[in-house]
Amino acid sequence: QLDGNRIDPVCFGAKADFNGTNQATAFDDAPAIQKTVKYLSSIGGGRVIFGSGKYWLNSYQTEAGSDGWNIINLRSEVSFEWKNGSQVWVGNYFHDKGFHVFSGIIANNPRLKNVHFIRPYITSLLEENYMETIITRRVAIEVWHHENCTIFDGIITNMDLSNCIGVGVTFVNNPSKFSLIKRMKFINVVYPTTKSINNDHTSIYLNSQNSSVDDCDFVNEGDKGWMIACPVELHESNTVFSNSRVSGYTRGGWFVGDKAGETSNQRITSITATVTNKGFNITCSPNGTLKRCIADNNVYYLKHPTNVRNDLYYGGQALFHVDYYDNAPANAISGFTIKDNTVTYLKSTMLFFRHMFELTHNVKYFTVDNNTFNGITGGLKVGDKVTNLDGWSITRNKFNADLGENTQEVFLDFSTTDKLTNFVFEDNTFSFFYLTPNYLVKVNAPNGMEKVRLGKIHGVEAIHPKIADYSFSNNF
């Protein structure tokens, strides 16, 4: 059990004697695990080995510089490996409390280096450990500021969390970097009903440059996940979310630029997701820009949960939604390529718009190419703060409405937009569309239009001849 720099916490007094029902008498293994971490750190690093059994963590391990919520405080060069089906259980002491099970949050934000989690298994007695009266941070693995972290081949399950994994923190001149999260399973990571007041969950908060989340499974089986959950948020440059499966979440991912200066080169690719209302969101915070990002080869099924009535999460659906703070720079979001995606809007018992995408602010240089929209009822939903669409290209897409269902009065409605420049809508195909009145595009651009091309619309003539002619209000 004591083997150089590979040590089981039982060497420092852990018992791993939790049996699933003895929560009142199980030994608290948290102090012994922390002693193991400190010892390995003192000899230059090593690996904590959870050899077998269920390790019960039932107290905070407060150290100098920790934020008071850490259960196990991380150290550089000290990693963790689960063997022989071993598990870490978060004890019932933490019911209705905030915590970071494994945490690198330390005063002055020293950068952790070379911390790895191999086959992690982290869980709790969910019925006895959730957010009952307070909304707070509850995180399974919070690496925080770091360089070189891997988390792979494990599971986080049956917990009521704000985040499963947080990697990185934004420092403009000293970014976190090099994270790999691969082949992880996140199963029932929010309490399934409104018995918990948890109101916001992101399974992976990726705030680390040159980092990726790949080949993971995200599943929430209760109604709550459909209302409050996102699988992955990309917050830094050169980050990728790929090759993963999602079910029971609100949206399928999030592009975020939330630091001063430029964030760029994020990608969401090859995701299959059944979610409530958006394939993905795009957001930029004040004083920042988000540029040159890609969403491609994703398959989204948008499905309203049958037992939830919530205006925020039960409203209209779209492949993507763009939003940012009012005091962000003009055209803070630009240069997105959205291609080769398929989105299917599954009917619900209530009528809501099912759009191609939604915009609340000006965005620039978007390419929307070769996507398929099944069950769509409308094209573009534009908010009243959108004054100029510049450099948009919407080409080779397939828009398939439900046969016999009324669709939106205007497919591309720019009637509240002041100016339209460098805009292309061409070579798109429509099936089973019934527009009343006969507007495919409606424009009211008092400040004019420049370099606008509309043409080669396929499929509409046989269904409704007049939509092929385009109708415009006012200036063109």
Side-chain angles (χ1 to χ4, degrees), residues 104-113 137 139 142-149 163 165-181 200 202 204-213 230-242 251 253-269 278 280-296 320-338 357-367 383 385-392 421-422:
I105 300 179
I106 304 294
N108 302 317
N109 298 298
R111 185 198 294 268
L112 287 175
K113 293 185 178 181
R137 279 181 54 80
V139 186
E142 179 58 86
V143 181
W144 201 239
H145 191 32
H146 73 280
E147 180 177 333
N148 192 23
C149 168
N163 307 100
I165 296 174
V167 285
V169 62
T170 297
F171 294 115
V172 174
N173 298 318
N174 187 25
S176 300
K177 54 187 177 181
F178 307 135
S179 302
L180 172 62
I181 302 170
D200 189 17
T202 296
I204 300 176
Y205 193 94
L206 193 62
N207 200 357
S208 169
Q209 290 185 3
N210 305 302
S211 299
S212 64
V213 177
C230 177
V232 175
E233 294 184 18
L234 304 178
H235 284 255
E236 259 291 4
S237 297
N238 305 311
T239 50
V240 180
F241 175 34
S242 62
R251 61 194 70 86
W254 209 319
F255 296 93
V256 183
D258 66 351
K259 66 179 182 181
E262 180 179 301
T263 302
S264 61
N265 300 317
Q266 298 177 346
R267 186 179 185 189
I268 297 177
T269 182
K278 303 294 184 297
F280 52 91
N281 281 36
I282 304 170
T283 301
C284 193
S285 297
N287 304 314
T289 61
L290 182 61
K291 298 180 178 181
R292 299 184 300 280
C293 299
I294 299 174
D296 66 308
F320 63 93
H321 177 94
V322 181
D323 191 10
Y324 56 84
Y325 290 86
D326 291 343
N327 55 343
N331 294 305
I333 297 171
S334 65
F336 269 69
T337 299
I338 298 163
F357 48 83
E358 301 172 346
L359 307 177
T360 63
H361 291 74
N362 293 340
V363 290
K364 193 173 184 179
Y365 303 133
F366 267 52
T367 297
K385 294 178 182 178
V386 178
T387 59
N388 183 18
L389 289 179
D390 185 7
W392 277 72
T421 56
N422 302 301

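A332 approaches G288 most closely through the heavy-atom pair CB-O, 3.6 Å. Of all non-hydrogen atoms in V143 and L112, the two that sit nearest each other are O-CD1, 3.5 Å. The minimum heavy-atom distance between I268 and F280, with the atom names listed, is CD1-CB, 4.3 Å. Listed here is the closest heavy atom pair of V167 and S179: CB-OG, 3.9 Å. Here the closest non-hydrogen pair linking C284 and L290 is SG-N, 4.0 Å. Residue V363 comes nearest to L389 through the heavy atom pair O-CD2, 4.3 Å, listed as atom of the first residue, atom of the second, then distance.
Atom OG in S212 sits 7.5 Å away from atom CG in L206 (nearest 0.5 Å). Distance check: S211 OG to I204 CD1 gives 11.5 Å after rounding to the nearest 0.5 Å. Going from atom CD1 of I294 over to atom CD of Q266 covers 11.0 Å, rounded to the nearest 0.5 Å. Going from atom OG1 of T202 over to atom CG of N163 covers 6.0 Å, rounded to the nearest 0.5 Å. In this structure, NZ in K113 is found 12.0 Å from NE2 in H146, a value given to the nearest 0.5 Å.
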For this session: Mind running side chain to side chain contact (heavy atoms under 4.5 Å, CB included) on E233 and T283 for me, showing each step along the way?
Result: CA-CA 10 Å; E233 294 184 18; T283 301; over 6 Å; no

Problem set entry | side chain to side chain contact (heavy atoms under 4.5 Å, CB included) assessment of H361 paired with D323 | CA-CA 6 Å; H361 291 74; D323 191 10; 3.4 Å; yes

Exercise. Are E142 and R137 close enough, and set up right, to give a side chain to side chain contact (heavy atoms under 4.5 Å, CB included), and what steps lead you there?
Worked result: CA-CA 11 Å; E142 179 58 86; R137 279 181 54 80; 2.5 Å; yes

Exercise. What's the verdict on side chain to side chain contact (heavy atoms under 4.5 Å, CB included) for F366 and I282, showing C-alpha distance, side-chain angles and the deciding distance?
Worked result: CA-CA 12 Å; F366 267 52; I282 304 170; 4.2 Å; yes

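Partners of S237 under the side chain to side chain contact (heavy atoms under 4.5 Å, CB included) rule, at least two apart in sequence or in another chain, are K259, T263, S264. Residues satisfying the side chain to side chain contact (heavy atoms under 4.5 Å, CB included) test with D258, not counting sequence neighbours, are T170, Y205, H235, V256, S285.
Remark: the backbone N or O of T337 is not paired with any side-chain donor or acceptor of R292 at under 3.5 angstrom. Not a single donor-acceptor pair under 3.5 Å links the side chain of E236 to the backbone N or O of N210.
Side chain to side chain, D296 and T269 meet the donor-acceptor criterion of an N or O pair below 3.5 Å.
Side-chain atoms of I106 and H145, non-hydrogen and from C-beta on, never get closer than 4.5 Å to each other. Within the 4.5 Å cutoff, the side chain of W254 has no heavy atoms near those of the V232 side chain. Within the 4.5 Å cutoff, no side-chain heavy atoms of K177 are placed close to those of N238.
Contact check on K278 versus E358 returns a salt bridge, with a Lys/Arg side-chain nitrogen under 4.0 Å from an Asp/Glu carboxylate oxygen.
Ring pair F255/F336: centre-to-centre distance below 6.0 Å.
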